[in-house]
Structures are given as structure tokens and as C-alpha cells.
Novice: 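Below is one structure. I have some questions about it.
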Amino acid sequence: MADKVLTANRLTDGIAVWLDASGAWNEALQSALVARHTEAVAALEEIGKRDFSANLVVDVNVVDVEEVNGLIRPLRLRERIRAAGPTMDYAPGYKPADPAFIAA
Amino acid sequence: MYRYDEFDHAFVSSRVEQFRDQVARRLSGELAEDAFKPLRLMNGVYLQLHAYMLRVAIPYGTLNSRQMRMLAHIARKYDRGYGHFTTRQNIQYNWPKLSDTPDILSELASVEMHALQTSGNCIRNVTADHFAGAAADEVADPRPYAEILRQWSSVHPEFSFLPRKFKIAVTGAERDRAAIQVHDIGLHLKKNDKGEIGFAVYVGGGQGRTPMIAKKIRDFLPEQDLLSYTTAILRVYNLHGRRDNKYKARIKILVHETGTEELARQVEAEFAHLQGAELKLPEADIEAISTYFAPPALVARPEGWAQLAGAKKADASFAQWVHQNVEPHKHPDYGMVTISLKPIGGVPGDATDVQMDAVADIAEQYALDEIRITHEQNIVLPHVALADLEAVYKVLVAQGLATANAGLITDMIVCPGLDYCALANARSIPVAQAISQRFGSAERQAEIGELKIKISGCINACGHHHVGHIGLLGVEKKGAELYQITLGGSADEHTSIGEIIGRGFEPEKVTDAVEKIVDTYLGLRLSKDETFLQAYRRVGPQPFKDALYGEAAQAA
Ligand code: HEM
Ligand code: SF4
């Protein structure tokens, strides 16, 4: 089984968030709680359902990740882009994603 | 341009207040997501990868400087200082907070704008030729009819829950600049032998996973029958369009499965019931709407001719820009200016708040307060005196808006792709940027001539790749991005769907592949006057296949 994290978009502003170890929704993927076995994944899914029903977040998903040099890295490109932002310069004052993180 | 009457104001404001209440109830938890989602979509609010997205309608692409300033203001106050102009002549904001959207809509309403029917299975923003009311080759201005269609289709009770979305485009000239043949209904405004105004009616065009060219079902529909006939088409579609399968729900599939003749028969039969009754457009109403679009009083500015000639001699870059981005106007002393939103290496269609403000200022000062958004994701100032071109150009240069590439290889239509879009398989923008960099030199682009590249990040085809002279479609293969290339598409009066040329290319190889295609074209064209599309139509895909995949591909 691949390691997994729980992600969603925050209801109020839609910003992508990940569930962290303290049970809070965090804007940083790197703070995410990584589930490494099926029971932990089931717990993530439960929390996802609960917080969706509690209207904290929308579009809740469990996504596959790996840990590389201590960094959490989603397996799917889509999720890497979701975590790190658009991959090109897009607005003054906002940083694009780090190409090394995005790379296949 | 059209101005809201009391009814319009009251209607749009009431919708904003309804939505304010819905958002408040959503945020308080009173409304669950399942109940709220259709409501937010009816107001143009989507959820994307990184955040919500708000799509604001710019009816038939026409706006004034006050409205453009409001778009800038919204980008600055509620977003990250920019907006994305789309191929449906709309603008999308990529980072609005849900909690701010009622305020945004309320600010938009103050300048007679809204986000209604920019999503959902209804009649969407009606699009039109961006040179409407100014083009030298125009028979009549398509915008009064687009506005009539908008008023008729807004919260139309019968057509608010169609089998699928429905898009109408109108053009007023022989040269189709509105891609009408890839719309659900395409209307070509024309005159008959008696000099009366009417429409050739096309039905069942579309892109997406099953691209189809629209079929002409009426060569001449008198203008007073516009709404009766459109209603007849929508009734037939509403009744028979497939609701069982989302991928087969567009009218293009119905036309295809029913057959053009039979479908036309059904439409005519329905039309026979409707014709001459309450949907008949009274002459007075057409005139009343048309006065809103009356051509501005253009004073003669003949001094511009000599001035322009002098300025072009003195500044080669200016001359190049005029050559590429300015087209003849009905009035000989004026030109139609395309402001390119395709800076070399930039994000196609994006404009910052500062740029939007600058365009508003220029429009006010030099362009009779008229601005257009094109389906090619550029901005147009339809009425600029030749005498003012140099002054306009200088401001555009200062704002990074003077790229002289309208209609050239770096002037691409590009969807948001995987950098933003939740449905995407692959990125579109970085591919466009790499191609733009590769072909960025002015000399090289001029040598290549007219060539339209269009890029979509998935088969939904929002970036029009099916009708690109060169189309790029992003797909996902084994978890990685891959780009399929189509050649020979076109979205003008001779619309064609591009043909897939062979196996796809990895992101780092796709620019080279495009370059090979371009070099192959340069090598085989009969003269500089033979455009890429003409050459492709003459020689077919084989020389390009050979160049891309080697002679071995011939066997395949
Ligand atoms: C970002 C959110 C977007 C979503 C969720 C979205 C969704 C879709 C879908 C599902 C289709 C296929 C419809 C069908 O085949 O029945 C489609 C088609 C299309 N979209 Fe988008 N789109 C988005 C953005 C855009 C943008 C930015 C543009 C303009 C650049 C655009 C313009 C179009 C056009 C022109 C078509 C093809 C014409 C047609 O057959 O309807 N869309 N879109
Ligand atoms: S073509 Fe696909 S990737 Fe591009 S905007 Fe449309 S839905 Fe998104």
C-alpha cells in the first residue's frame, strides 16, 4: 500500500489543505499526517467525512504519496501541482512551484 | 453598447442578494455542499485545484472602460492581481474566496455585469465577432441580435435545464471570426437578394470529445423569426437530446444520430407552430436594441494617413505592430487594434490589474470607450483613429501589451490546463510558453506567417485544439503528460477538424515536434503566400508524418 494523506479544499476560500497531525487543516502539504497502514487510512477517511459534514472542507480525497529525503511527495502530478501551485510565474508576489518537486 | 434598464438592474441585483443569502447559509452550515453546488454554479463559481474560480460573462465580448476598470479592481481587491480572458469571451478569476463572491457580484452589478449562465446546462454567454460594428467586411452588426438572444435566454424557464450546456455564436461578415461552426447554434448574419437582413443557421457544432462541424439547416431566416426559430431548435433538442449519457447529451450528437435532414424537418415543424406568434420580433424592438449599438460618431481624421506613414518609417517595431495588429476599419481614417495578451513566454490570456486599467484608460482617451475581448483571448479596441495609433502604441509598450503577433504562431488559444483545472490531464500553459519562446523572434514569426496553434489540457477541448491549424491535446499516459498533435483544423468559414498525426510527445519533446512541423511546412510551401493551412490542405498529413516519425511511419 502506498502511503496516503488526506486533502480537501477549505469551504470558505477554496484553498487546498491537508490534514495535519493535530487534526487541523493545514495549507502546507509538508505538515500533513501520513497514513502508512489501512487502519490509519480508514481513520483519515472518517475524519474527511466528518469535516465535510461539518462544512469545514469540500472535495475531500485521500491521495497517494511517497517520502523522498524527508519530503512528502504525491505520486500524481495533479496532486503535486495542487500542493505547490501553478508551475509558471503567474502573479507578481506569488511563487510558482519548484520544478524539482513537480518533475516526474 | 447595451445599457441595463430598470428591469435588468432589479433582476441582477435580486440575483446577487439571493446568492448572498445562499452563501451565508452555506457558510453557516445550513446548506450542505450537495444542495449548494448547483446554486454556486448558476452564479459562475467553480471549484478548481487550488481555489474557487469565478467566471464572469462579458456578453458578446463587448465592454466599456468603466467595466474594464471594475474587472481590474476585482482582480486587485479580491484576487491575486490578474484575470484570465477565455476563448468564450469571458474572464475567469482564479483565487476568489467563496465568502467574497457576493460582494464581487454586487460590485459587478454596479457596472451592469454578472456571472449568470456562465455554467450549467443552460444557454451560455452568446459570443460574437470581436470586430462587430467596425469591420470593413461586415454586413450588419451581430451584437443587437446577440443581445436579443441574451435577454430571451436569461433564466428562460423552459431552457434552464437542458440536456447539456448550449452555446450560440453570431457573426455579421462572410469571414467568420466567431467560430460559429463549432457552436451548438451558429448564426451568420447576411442579406438576401432583396437586401433584407436574416441569418444562415448552423446547428450541432461542438468540440469536446466528439468534435463536430455544424450543419446548415437554413440558408436564410428572416430576422423577425430569430427567436421563433431558435426556440424551435431548443424545443427539439430539449425533447430529444440524450439525458442518459453526459457524453452524448450535446445537440451535436442529436443532429448526428437523427440526421441533418430529419432534424431540420422537426425544427421546421415546430417553427411552423411558433412563427408569426408572440416570439416574432417586432421591427421596433430590433431597432430599439440596435440603437444601443449604433456606430459611434467618428470624426474624419485624414491627417492620420501621413502621420502614420511617417511614424512607421521612423520606427520599425511600430511599423511591424501596425502591420500585424491593426486591421482596416469601415471608416478609412480608423483602424481596429488588437492588443495581444500573448507576450512571448507569457501566460496566454492573462492580464494584470494594472494592464486592465491601462487598457481602460486608452479606450477612454483614444477609442471611444469601446473594448472587446476576442475568442482568441486578446483584447480589441475597435475604433482607433490612425492619427492616434502611435500614442496608443507607446502606452501599450510601457504596459508590456504591444506584442506584434496577432494571428501568428505565438498567438495561441490555450486553456488553463493542469496548472488550474480540476478536470485536466496535462498542463497547457507551460507548453504554450515553451513554443512561444522557441518561435518568439519577430523575423521568424513573420517568415512563418498565419499559423494558429491551439492547446487543451484534456479532451473537453476548451482550448479549441480540434480546430487549431496545429492542435495540441494533453493526455495522461502512465501518470505522465503526453501531447497528441492534430493538424489541419480550422475555425473559420471553412471549418475543419484537425487530424491526429500519430503517437504523442512528451512535454520536453513537443516543442521540437512543433518546430519540425513548421520547418516541414516552410520547406514545401509553394510560396510565402501559401499559408500553413493551405499547404496542409494541398499536401495532406504524410510529409508531416514522415518528418515526425521517419519514413517508417508510412507503413503504419
Ligand atoms: C476551468 C474550468 C473549466 C471547466 C470545468 C470546463 C469544463 C468543460 C467541459 C466539461 C467541456 C466539454 C463539454 C462537452 O463536451 O459537452 C468544456 C468545453 C469547452 N470549454 Fe470549458 N471548462 C473550463 C474552462 C474553460 C475555459 C477557461 C475556456 C476558455 C478558454 C473554456 C471554453 C470551452 C470551450 C470553447 C469548450 C468547447 C466547446 C464545446 O463543445 O462546448 N472552458 N469545458
Ligand atoms: S480543456 Fe480540459 S484541462 Fe483545459 S480547461 Fe477545459 S476541462 Fe480544463
Side-chain angles (χ1 to χ4, degrees), chain A residues 2 5 7-18 25-29 48-61 63-66 68 73-104, chain B residues 23 26-34 36-37 40 45-54 75 79-84 94-101 345-347 350 352-354 416-427 429-430 432-434 476 478-481 506-508:
Chain A
V5 297
T7 186
N9 292 74
R10 207 155 47 204
L11 173 68
T12 51
D13 59 6
I15 296 295
V17 285
W18 290 262
W25 290 97
N26 197 307
E27 286 183 35
L29 163 69
K49 277 189 203 139
R50 185 195 70 196
D51 286 358
F52 176 79
S53 299
N55 303 304
L56 297 176
V57 289
V58 291
D59 205 11
V60 184
N61 285 297
V63 302
D64 291 348
V65 298
E66 59 185 352
V68 184
R73 190 174 171 285
L75 298 186
R76 283 191 72 194
L77 174 64
R78 178 188 197 273
E79 290 303 321
R80 296 201 291 282
I81 292 177
R82 234 181 117 252
T87 61
M88 67 287 159
D89 274 315
Y90 66 96
Y94 294 90
K95 275 219 301 252
D98 173 4
F101 177 76
I102 295 298
Chain B
V23 170
R26 175 70 187 112
L27 293 173
S28 74
E30 198 182 318
L31 273 185
E33 182 64 8
D34 296 349
F36 179 69
K37 188 174 168 186
R40 72 164 156 73
V45 182
Y46 288 73
L47 181 64
Q48 294 290 81
L49 290 181
H50 307 291
Y52 291 104
M53 180 270 276
L54 176 68
D79 208 276
R80 296 189 175 181
Y82 71 106
H84 178 72
N94 289 306
W95 308 91
K97 294 188 173 87
L98 178 62
S99 49
D100 281 340
T101 51
V347 179
D350 277 12
T352 65
D353 59 329
V354 178
L418 193 52
D419 282 297
Y420 294 100
C421 177
L423 303 178
N425 288 324
R427 284 173 284 175
I429 296 165
Q433 290 176 311
E476 184 179 341
K478 293 188 190 130
E481 296 162 296
E506 292 76 22
E508 63 281 6

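Reminder, nothing fancy here: chain letters follow the sequence lines and each chain counts from 1.
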Novice: May I ask you to test the A:T12-B:K97 pair for a side-chain heavy-atom distance under 4.5 Å?
Specialist: no

Novice: Do B:Y82 and A:Y94 touch side chain to side chain, with heavy atoms closer than 4.5 Å?
Specialist: no

Novice: Name all residues meeting the side chain to side chain contact (heavy atoms under 4.5 Å, CB included) criterion together with A:K49; count only those two or more places apart in sequence or in a different chain, and write none if there are none.
Specialist: A:E46

Novice: Heavy-atom pairs under 4.5 Å with chain A - which of B:L47, B:L27, B:L31 has more of them than the others?
Specialist: B:L47

Novice: Measuring from atom CD of B:Q48 to atom CG of A:D59, what distance do you get when rounded to the nearest 0.5 angstrom?
Specialist: 10.5 Å

Novice: Working note: A:I102 + B:R427, criterion side-chain contact (heavy atoms from CB on, under 4.5 Å); need CA distance, chi angles, decisive distance, verdict.
Specialist: CA-CA 12 Å; A:I102 295 298; B:R427 284 173 284 175; 3.9 Å; yes

Novice: What part of B:I429 is in contact with chain A, defined as an atom under 4.5 angstrom from a non-hydrogen atom: side chain, backbone, both or neither?
Specialist: side chain

Novice: Mind listing the closest non-hydrogen atom pair of B:G29 and A:N55 along with its distance?
Specialist: CA-ND2, 3.2 Å

Novice: If you count heavy-atom pairs under 4.5 Å with chain B, which of A:E79, A:R10, A:M88 comes out on top?
Specialist: A:M88

Novice: Taking atom CG of B:N425 and atom CG of A:L77, what is their separation to the nearest 0.5 Å?
Specialist: 10.5 Å

Novice: Who passes side chain to side chain donor-acceptor pair (under 3.5 Å) against A:D51, sequence neighbours left out?
Specialist: A:W25

Novice: How long is the straight-line distance from OG1 of B:T352 back to OH of A:Y90, given to the nearest 0.5 Å?
Specialist: 14.5 Å

Novice: For the CD1 atom of A:I15 and the CH2 atom of B:W95, what is their distance to the nearest 0.5 Å?
Specialist: 6.0 Å

Novice: Tell me, out of B:D350, B:D100, B:L49, B:V23, who's got the most heavy-atom pairs with chain A below 4.5 Å.
Specialist: B:L49

Novice: Any side-chain heavy-atom pair from A:I81 and B:Y420 closer than 4.5 angstrom?
Specialist: no

Novice: Where do A:R78 and B:A422 come nearest, in terms of heavy atoms and distance?
Specialist: NH2-O, 3.0 Å

Novice: Give, as side chain, backbone, both or neither, the part of B:R26 having an atom under 4.5 angstrom from any heavy atom of chain A.
Specialist: both

Novice: Select one option (side chain, backbone, both, neither) describing which atoms of B:P96 are under 4.5 Å from chain A's heavy atoms.
Specialist: backbone

Novice: Which one of A:L11, A:V58, A:V17, A:N9 has the most heavy-atom pairs closer than 4.5 Å to chain B?
Specialist: A:L11

Novice: Of the listed residues (B:L418, B:T101, B:D419), which shares the most heavy-atom pairs with chain A below a 4.5 Å separation?
Specialist: B:D419

Novice: Please walk me through it: do B:E476 and A:R76 pass salt bridge (Lys or Arg N to Asp or Glu O under 4.0 Å)?
Specialist: CA-CA 10 Å; B:E476 184 179 341; A:R76 283 191 72 194; 3.4 Å; yes

